[in-house]
Structure formats: C-alpha cells, structure tokens
Amino acid sequence: MNALVIYDSNFGMTKLVAEEIVNNLDGNAKTLSVKNLRNSDLKDVDLVIWGSPINGWKPTVATMDAMNHLSKEDIHGVKFTTFDTRVKQFFHGDAKDQMAAKIRALGGEPITESKAFYVKGKEGPLFEGETENAGKWAKAIMSKV
Ligand SMILES: Cc1cc2nc3c(=O)[nH]c(=O)nc-3n(C[C@H](O)[C@H](O)[C@H](O)COP(=O)(O)O)c2cc1C
C-alpha cells in the first residue's frame with residue numbers, strides 16, 4: 001500500500017501529527033508538505049491523509065489552492081481521510097470537513113471519519129495525549145484499508 005500524508009503547518013504542530021500518523025501506518029507511507037505537492041505525487045497512491053491547521057475558520061490558503069488544482073483524474077477512487085489542528089474555543093471554524101467535502105467531490109472514497117487534534121495556543125504545543133491519539137487514529141485507519 002502506498003500512503004501519502006499531506007500537510008500544511010505554520011508552527012510545526014500539524015507536521016508533528018502528520019509524522020506520527022506516518023510512523024503508525026504500514027506499507028510505503030510518507031509525509032509531504034502541501035507547498036511541495038505536485039499532482040503527479042498522487043500517482044499510484046492508494047491512501048491520502050490530508051491535514052491542515054484551521055486558519056481564520058477554514059483550511060489554509062495553500063491547502064485550498066492545492067485542492068483547487070486537483071482534478072478528478074488525480075483523486076478518483078483514492079481512499080482518503082482528513083484532519084485538522086485547532087484551538088479549544090467555542091467558535092473555531094473547521095478545516096477537516098471542508099477538505100473532506102472537496103476530496104469527495106473529486107471522487108475520493110472516505111475511509112473513516114475526519115479527525116480534529118487540539119493545540120494549546122496558536123503556536124502549540126499539542127494537548128497532552130494528542131500525539132498518541134494520532135498514532136491510534138493511524139492504526140484504526142490501517143484496520144480499514
Ligand atoms: C492566522 C491564524 C488564524 C487562526 N485561526 C484559527 C481558527 O479560526 N480556529 C482555530 O481553531 N484555530 C485557529 N488558529 C490556530 C491554529 O489552529 C494553530 O495555529 C494551529 O493548529 C497550529 O498548527 P501548525 O503549527 O501546524 O500551524 C489560527 C492561527 C493563525 C496563525
């Protein structure tokens with residue numbers, strides 16, 4: 001299985017989650033910053049896990065730009081899920097569900113519920129337990145592929 005964990009990250013928190021996910025996936029799995037993503041990176045990929053911090057109630061500009069440049073050919077039939085990092089506030093907006101809707105519209109096949117991971121402040125750190133939660137989530141994804 002070829003898995004690609006795409007992420008954007010301003011302060012390294014979403015990147016940390018992405019790396020923990022990769023460490024808990026079987027097969028050929030790697031992380032890739034969305035800023036370096038080319039559509040050809042999705043060739044022969046079976047599973048895409050895509051993460052972004054919430055910035056201003058939504059996914060980052062780089063994340064949405066990259067998604068808007070994908071075609072159905074790039075993503076059709078690929079299993080996927082999404083995650084975001086966010087602060088614990090009553091109003092926090094969303095990135096994971098907007099990203100999932102976009103990938104689903106391109107023909108991606110959702111493999112599991114999208115997931116939120118919490119940071120203590122704008123620059124982190126992650127809340128206690130969130131690194132372990134990322135690993136557990138990755139293992140749960142593995143049980144579904
Ligand atoms: C410009 C900016 C806007 C943000 N807006 C939100 C927001 O709307 N909702 C939220 O939960 N967190 C918001 N945050 C906090 C980010 O979620 C937090 O910085 C991020 O999870 C850290 O991950 P990163 O290091 O991968 O960027 C914002 C942060 C920045 C810098």
Side-chain angles (χ1 to χ4, degrees), residues 1-71 74-75 78-106 108-145:
M1 184 203 62
N2 291 322
L4 190 59
V5 182
I6 305 166
Y7 67 89
D8 197 12
S9 193
N10 297 306
F11 308 104
M13 298 302 106
T14 314
K15 183 172 188 234
L16 274 179
V17 173
E19 287 169 348
E20 189 63 20
I21 290 168
V22 157
N23 288 341
N24 286 277
L25 293 176
D26 306 326
N28 180 24
K30 63 177 184 181
T31 57
L32 181 65
S33 165
V34 74
K35 294 183 174 100
N36 298 325
L37 176 71
R38 291 157 307 166
N39 292 20
S40 58
D41 292 316
L42 290 161
K43 195 171 175 320
D44 299 327
V45 167
D46 309 298
L47 170 68
V48 171
I49 303 177
W50 200 324
S52 171
I54 305 179
N55 276 183
W57 316 98
K58 53 184 192 280
T60 62
V61 172
T63 302
M64 290 317 287
D65 273 358
M67 288 192 168
N68 287 334
H69 281 95
L70 291 179
S71 69
D74 299 316
I75 219 82
V78 176
K79 295 187 173 66
F80 82 93
T81 189
T82 61
F83 67 95
D84 63 37
T85 60
R86 54 176 69 188
V87 292
K88 272 193 180 166
Q89 280 176 356
F90 190 69
F91 296 109
H92 44 66
D94 160 74
K96 63 183 178 63
D97 294 334
Q98 291 183 46
M99 294 161 71
K102 187 81 192 167
I103 301 173
R104 208 163 36 235
L106 289 166
E109 294 176 7
I111 189 166
T112 192
E113 292 275 306
S114 299
K115 188 159 173 65
F117 295 94
Y118 289 90
V119 296
K120 287 186 175 173
K122 194 176 77 173
E123 300 185 21
L126 288 162
F127 265 88
E128 288 78 14
E130 288 296 62
T131 309
E132 293 76 12
N133 289 341
K136 282 186 206 156
W137 189 56
K139 286 193 193 316
I141 293 168
M142 271 298 98
S143 70
K144 298 186 180 198
V145 281

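When a ligand or atom number is given, it counts from 1 through the structure's own listing order. Because only heavy atoms are used, hydrogens play no part in the values below, and waters and symmetry mates are left out as well, while side chains stay in.
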Open item on the list: Students should be able to answer this: which protein heavy-atom is nearest to atom 21 (O) of ligand 1, and at what distance?
Closed with: T85 OG1, 2.7 Å
Open item on the list: Can you tell me which residue among D8, T63, D84 is in a side-chain contact (heavy atoms from CB on, under 4.5 Å) with P53?
Closed with: D8
Open item on the list: So for ligand 1, is N55 a polar contact partner (N or O within less than 3.5 Å, distance only)?
Closed with: no
Task: Note, L47 side chain near N2 side chain (heavy atom, < 4.5 Å) - done: no
TODO: Among all protein heavy atoms, pick out the one at the shortest distance from atom 8 (O) of ligand 1; state its residue, atom name and that distance to 0.1 Å.
DONE: W57 N, 2.8 Å
Task: N10 and ligand 1 - part of the residue with a heavy-atom distance under 4.0 Å - done: both
Open item on the list: What I want to find out is whether K120 reaches E128 closely enough, with some N-O distance under 4.0 Å, to be called a salt bridge.
Closed with: yes
TODO: Test the K115-F83 pair against the cation-pi criterion, namely NZ or CZ under 6.0 angstrom from the six-membered ring centroid and within 45° of the ring axis.
DONE: no
Task: Heavy-atom neighbours of H92 NE2 exceed 12 at 6.0 Å - done: yes
- [ ] For G12 and ligand 1, answer yes if some heavy atom of the residue is under 4.0 Å from a ligand atom, otherwise no.
- [x] yes
TODO: Return a yes/no value for T14: is any of its N or O atoms, backbone included, closer than 3.5 angstrom to an N or O of ligand 1?
DONE: yes
Open item on the list: Please list the nearest protein heavy atom to atom 18 (C) of ligand 1 with its residue and the distance rounded to 0.1 Å.
Closed with: K122 O, 3.2 Å
Open item on the list: Contact between ligand 1 and Q89 is defined here as a heavy atom of the residue under 4.0 Å from a ligand atom; is it met?
Closed with: no
Open item on the list: For atom 1 (C) of ligand 1, is there a protein heavy atom at a distance under 4.0 Å?
Closed with: no
Task: Electrostatic pair E19:K15 at N-O distance under 4.0 angstrom - done: yes
TODO: Using distance alone, determine whether M13 and ligand 1 share an N or O pair under 3.5 Å.
DONE: yes
Open item on the list: Checking a contact table here: which protein heavy atom is nearest atom 28 (C) of ligand 1, and how many Å away?
Closed with: I54 O, 3.4 Å
Task: Between K122 and N10, a side-chain donor and acceptor under 3.5 Å - done: no
Open item on the list: Quick check on contacts: which atoms of ligand 1 are under 4.0 angstrom from a heavy atom of H92?
Closed with: 7 (C), 8 (O), 9 (N), 10 (C), 11 (O)
Open item on the list: For a quick check under 3.5 Å, do T81 and T112 share a side-chain donor-acceptor pair by atom type?
Closed with: no
Task: N or O contact, K58 vs ligand 1, cut-off under 3.5 Å - done: no
Task: Heavy-atom gap G93 to ligand 1 smaller than 4.0 Å - done: no
Task: Heavy-atom pair with the smallest gap, counting every atom of D26 and M1 - done: O-CE, 3.3 Å
- [ ] Could you tell me whether some N/O pair between P53 and ligand 1 is separated by less than 3.5 angstrom?
- [x] no
